[in-house]
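Chain letters run A, B, ... following the sequence lines, proteins first, then strands; residues in each count from 1.
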Amino acid sequence: AQSVTQLDSQVPVFEEAPVELRCNYSSSVSVYLFWYVQYPNQGLQLLLKYLSGSTLVKGINGFEAEFNKSQTSFHLRKPSVHISDTAEYFCAVTDGGGAQKLVFGQGTRLTINP
Amino acid sequence: DTAVSQTPKYLVTQMGNDKSIKCEQNLGHDTMYWYKQDSKKFLKIMFSYNNKELIINETVPNRFSPKSPDKAHLNLHINSLELGDSAVYFCASSQNTVGGSPLHFGNGTRLTVT
């Protein structure tokens, strides 16, 4: 069975600084990987996904992630963050077993300080 | 137009009561889900329906009973509420059960049991 570990529970950064949120997964088969964002008092929104092809995936709001099969990682990056990026970020993985087998990481709280 | 809408947004009730949460999606998706998010933000799937048929039923107490009258609706009924049921419950949908199908989430129902 697959699992996801988000290595940082909280990441504080200053506005306009770069940020990287780390995600490692374990699975014995090929995987589909996702990053979701949850703003306060809202549901989760899809930021980006990796299904196949290019290992660098671009998403909404200037975020991107790189799939690294040898390191079993899918880290999320943004070169310059804004106050509005303050939110909880979730990495998620599923194998070919289907969307209903999506497993979420524990979440990383990104706090942007002015 | 809200893609996945759930009601109510807040639900405060006493132990032992029975309550329902409703969910509707207007995306034309085949698959719907209920997730529970605990106080530590951990997300765990409870149920999944595909074309009105139950396909995932995780280790959830029998007090929780989902019902899908049609593929656009998935309701959750909870009997004999307990303190430990306090959480945020999210409804979600996906186009189908293919692993790459991203989930679309509602804004959540915050259930508080006193």
Side-chain angles (χ1 to χ4, degrees), chain A residues 1-6 8-11 21 23 25 27 29-53 57 59-60 65 67 74 87-111, chain B residues 2-10 21 23-25 27 29-51 53-58 66 68 74 87-110:
Chain A
Q2 63 264 28
S3 65
V4 180
T5 302
Q6 291 183 242
D8 305 294
S9 60
Q10 296 185 64
V11 174
L21 305 184
C23 172
Y25 69 91
S27 174
V29 297
S30 296
V31 293
Y32 302 118
L33 293 153
F34 305 81
W35 275 99
Y36 286 86
V37 59
Q38 184 179 23
Y39 298 106
N41 298 314
Q42 291 188 29
L44 280 72
Q45 300 174 33
L46 180 69
L47 267 181
L48 48 79
K49 62 184 179 183
Y50 171 79
L51 304 183
S52 65
V57 180
I60 62 170
F67 170 58
F74 191 54
E88 193 87 22
Y89 290 79
F90 293 91
C91 182
V93 63
T94 183
D95 59 20
Q100 69 275 23
K101 300 211 178 188
L102 193 65
V103 174
F104 285 89
Q106 308 92 313
T108 296
R109 174 77 182 160
L110 177 62
T111 305
Chain B
T2 304
V4 181
S5 58
Q6 53 184 110
T7 55
K9 188 170 175 62
Y10 299 98
I21 307 171
C23 178
E24 175 182 4
Q25 55 96 3
L27 297 166
H29 287 171
D30 287 343
T31 314
M32 295 186 74
Y33 311 80
W34 279 110
Y35 277 84
K36 179 179 180 180
Q37 186 175 49
D38 64 22
S39 58
K40 294 189 190 318
K41 301 281 188 180
F42 182 66
L43 273 158
K44 185 168 169 49
I45 190 166
M46 300 172 70
F47 302 103
S48 176
Y49 273 73
N50 189 55
N51 282 319
E53 299 226 353
L54 181 66
I55 56 172
I56 288 271
N57 183 353
E58 291 297 299
S68 182
L74 179 61
V88 181
Y89 292 84
F90 286 100
C91 177
S93 71
S94 64
Q95 187 164 5
N96 48 46
T97 59
V98 171
S101 296
L103 270 60
H104 297 251
F105 285 82
N107 283 334
T109 296
R110 183 175 295 276

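The environment of Q95(B) atom CD is sparse: at most 12 non-hydrogen atoms of other residues, nucleotides or ligands sit within 6.0 angstrom. Within a 6.0 Å radius of CZ in R109(A), other residues, nucleotides and ligands contribute more than 12 heavy atoms.
When each of G107(A), S9(A), G43(A) is checked for heavy-atom pairs under 4.5 Å with chain B, G43(A) comes out on top.
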Are Y36(A) and L43(B) close enough, and set up right, to give a side-chain contact (heavy atoms from CB on, under 4.5 Å), and what steps lead you there?
-> CA-CA 12 Å; Y36(A) 286 86; L43(B) 273 158; over 6 Å; no
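Looking at heavy atoms from C-beta onward, F34(A) lies out of side-chain contact with L103(B) at the 4.5 angstrom threshold.
For the atom pair CG (L44(A)) and OH (Y35(B)), the distance works out to 9.5 Å, reported to the nearest 0.5 Å.
Heavy atoms closer than 4.5 Å to chain A are found nowhere in N50(B), neither backbone nor side chain. Within the 4.5 angstrom heavy-atom criterion, only side-chain atoms of E88(A), from C-beta onward, approach chain B. Interface residue Q38(A): only side-chain heavy atoms are found under 4.5 Å from chain B. Within the 4.5 angstrom heavy-atom criterion, only side-chain atoms of Q37(B), from C-beta onward, approach chain A. Neither the backbone nor the side chain of L33(A) comes within contact range of chain B, judged by heavy atoms closer than 4.5 Å. Contacts of S94(B) with chain A are made by side-chain atoms alone, with heavy-atom separations under 4.5 Å and no backbone atom involved.
Considering all non-hydrogen atoms of both residues, K9(B) and N41(A) come closest at NZ-O, 3.4 Å. Listed here is the closest heavy atom pair of L46(A) and P102(B): CD2-CB, 3.5 Å.
Among residues at least two apart or in separate chains, there is no side chain to side chain donor-acceptor pair (under 3.5 Å) pair with a member in residues 38-48 of chain B.
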